[in-house]
Amino acid sequence: MLAAVSVVVVMLTGLAYSQAHGLLSGITVSQALGSDEPRSSGGAMNILLIGLDSRKDQDGNELPDAVLDKLHAGDSESGGYNTNTLILVHIGADDRVVAFSIPRDDYVAVSGIKGYNHIKIKEAYGLTKFQTEQQLVDEGISDRATLERDGREAGRKATIRAVRNLTGQPIDYFAEVNLAGFYHLADSLGGVEVCLLHAVHDDYSGADFPAGRQRLDAAQALAFVRQRHGLENGDLDRTHRQQAFLLSVMHELQQSGSFTDLDKFKQLMAVAREDIVLSQGWGEDQFRRMAALAGGDVEFRTLPVVRYENVNGQDVNIVDPAKIRAEIAKAIGGDSVTATPTTAAQPLPQPNPQTVVSVVNASDTSGLASDAASVLGKHEFTVDEIRDRQAGEPIDTVITYGPGGQVDAQSVATLLGVDNAPQASAALADDHVRVILGQGYELPVDQVQAQDVASTAAQDSWEDTSTTPTPDQGAPIDGGGIPCVN
């Protein structure tokens, strides 16, 4: 939330961009968003706001005990590096703003994380960070600052990829804030106003509030956005509180004079330098257009959840990616965006019945070969072998074929999203295709989602008999005031 506030404050103070740039010079800039990734077009812009549930500062140092005590959040072992706040802010060509909150427990398909093919979306950052750091340690790198920096950059990339894959939307810019940022922001404002539909008491987060409208100090405000136990709609209610917190902060900034008082503004920027990370490329246009958030001219929506479920002992949100993409497209209307590329857009030739395919996993991602084989099987390819790489075989992603297998090899490459042209191999038998999936390979988004949809359809009969209530998504929240939430 501080991420959104920090970037809009700059423009609303009336400072010229050159001055604002000087004030922002101490903020950490990330290179995690690559220049070759899909971007919005037609004047639209998508910004991902990331709230990191970490008890450490940007250098990996434990937050001071005095701060941790006020956070009521335990030490660094408690939160890891989960992204407990993910908000995709869409700014249309007409500067209309729609912000989509992504519930942190949404269960999504992933690749590139060893041992996992599905995770809660909040875990993409931390699991990737840990894996990256371990790889660096195995390579002989022990410098803590390097491990922390490179691990976090990998975590940001994984989070961006997970959000993009789920929503089908490009990410143009992002802003990340750690757990302490919530506290520091609320503290600098002298607290925030919220409204609760019901009284709450939760020993885990420290939330203990009566029903109705009330003013919370910084520690209470953090408890307000962190509570997840005892809420009627669990993860979704927590998401609605985050939205209400952001709207309250915006209202407070307007009322407190922080936009016109240079001393108050500098105090906010000091908080930003300590707690915020911005992607590269932020400029005058981005700050200006984000200013709509502070003016309250924004509609918050919570992405839909199909049902709650317990998977391997963890409570997760089962989601329908196709439904999510459709809802986003409807909400943003006719804005033109460049969606994540999909594969197999054109009909493919019917596979030769004599063709057999072997799929080899040369990566650290468990189950990758099986997932790829499942995709090929759905398109009537015969897969006769699924295994891990053997010594002497290529470590990169490559598709080879024997005599008569060129056409089918190209179809396989298209389905699996492999850009490199298949190569002929005299070592392979007639009508044989071999697929080797190397480190960093990921199944195309549309193929992953097709498998998710099929899995959901297969569970329909079970879902009909489930006693789990349908999650209450809640109505969209606009900026017309301070909303009352659970």
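We're numbering straight along the sequence, starting at 1.
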Side chain to side chain contact (heavy atoms under 4.5 Å, CB included) evaluation trace for Ile171 with Leu88: CA-CA 8 Å; Ile171 309 296; Leu88 179 63; 3.5 Å; yes

Side chain to side chain contact (heavy atoms under 4.5 Å, CB included) assessment of Phe381 paired with Val433: CA-CA 10 Å; Phe381 280 94; Val433 177; over 6 Å; no

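- Closest approach of Val319 to Tyr107, counting heavy atoms only: CG2-O, 3.7 Å.
- In this structure, CG on Leu303 lies 12.0 Å from CG on Asp320, to the nearest 0.5 angstrom.
- A distance of 7.5 Å separates CD1 of Ile160 from OG of Ser279, quoted to the nearest 0.5 Å.
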Side chain to side chain contact (heavy atoms under 4.5 Å, CB included) assessment of Thr355 paired with Tyr401: CA-CA 10 Å; Thr355 297; Tyr401 59 89; over 6 Å; no

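- Closest heavy-atom contact between Asn361 and Ala369: CB-CB, 3.8 Å.
- Between the side chain of Asp94 and the main chain of Arg96, a donor-acceptor pair closer than 3.5 Å is present.
- Side-chain atoms of Pro349 and Ser411, non-hydrogen and from C-beta on, do get closer than 4.5 Å to each other.
- At least one side-chain heavy atom of Leu416 sits under 4.5 Å from a side-chain heavy atom of Leu376.
- Side-chain atoms of Thr414 come within 3.5 Å of backbone atoms of Gln410 as a donor-acceptor pair (strictly under, hydrogens ignored).
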Run the side-chain donor-acceptor check on residues 121-130: report pairs under 3.5 Å with partners two or more places apart or on a different chain.
unit_1 : atom_1 : unit_2 : atom_2 : d
Glu123 : OE1    : Lys120 : N      : 3.0
Tyr125 : OH     : Glu176 : OE1    : 3.2
Thr128 : OG1    : Ala124 : O      : 2.7
Lys129 : NZ     : Glu133 : OE2    : 2.5
Lys129 : NZ     : Glu148 : OE1    : 3.3

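- Taking 4.5 Å as the limit, every side-chain heavy atom of His240 sits out of range of all side-chain heavy atoms of Asn486.
- Under the 4.5 Å side-chain criterion, counting only non-hydrogen atoms from C-beta, Val316 is not in contact with Tyr308.
- Without hydrogens or angle criteria, Arg434 side chain to Thr400 main chain gives no donor-acceptor distance under 3.5 Å.
- Within a 6.0 Å sphere centred on CD1 of Ile395, other residues, nucleotides and ligands contribute 12 heavy atoms or fewer.
- The side-chain hydrogen bond (donor to acceptor under 3.5 Å, both in side chains) test applied to Gln314 returns no partner, not counting sequence neighbours.
- Heavy atoms of other residues, nucleotides or ligands lying less than 6.0 angstrom from CD of Gln406 number 12 at most.
- We find the CD1-CD distance between Ile328 and Gln169 to be 5.5 Å, quoted to the nearest 0.5 Å.
- Within the 4.5 Å cutoff, side-chain heavy atoms of Asp371 are placed close to those of Asn117.
- Atom CG of Asp419 is surrounded by 12 or fewer heavy atoms from other residues, nucleotides or ligands within 6.0 Å.
- Between Thr302 and Pro103, the closest heavy-atom pair is CG2-CG, 4.0 Å.
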Working for side chain to side chain contact (heavy atoms under 4.5 Å, CB included), residues Arg149 and Thr28: CA-CA 11 Å; Arg149 182 194 65 239; Thr28 301; over 6 Å; no

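- Ionic pairing of Arg156 and Glu153 is present here: one or more N-O contacts between side-chain nitrogen and carboxylate oxygen are shorter than 4.0 angstrom.
- Note that CD of Glu299 and CD1 of Ile332 are 12.5 Å apart. Values are rounded to the nearest 0.5 Å.
- Between Val97 and Val89 the shortest side-chain heavy-atom distance falls below 4.5 Å.
- When every heavy atom of Thr167 is checked against every heavy atom of Arg325, the shortest pair comes out as O-CG, 3.3 Å.
- Contact record, Pro394 with Arg389: O-NE, 3.2 Å, taken as the closest heavy-atom pair.
- We find the NE2-CD distance between His432 and Glu385 to be 6.5 Å, quoted to the nearest 0.5 Å.
- Using modelled atom types, no side-chain atom of Glu380 and backbone atom of Gln350 make a donor-acceptor pair closer than 3.5 Å.
- To the nearest 0.5 angstrom, Ile50 atom CD1 is 9.5 Å from Ile102 atom CD1.
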From CA spacing to verdict: side chain to side chain donor-acceptor pair (under 3.5 Å), Asp172, Asn46: CA-CA 5 Å; Asp172 303 299; Asn46 288 338; 4.7 Å; no

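- Shown here are the salt bridge (Lys or Arg N to Asp or Glu O under 4.0 Å) partners of Asp408, two or more places apart in sequence or in another chain: there are none.
- Contact between Val98 and Arg301 at its shortest, heavy atoms only, is CG1-CD, 4.0 Å.
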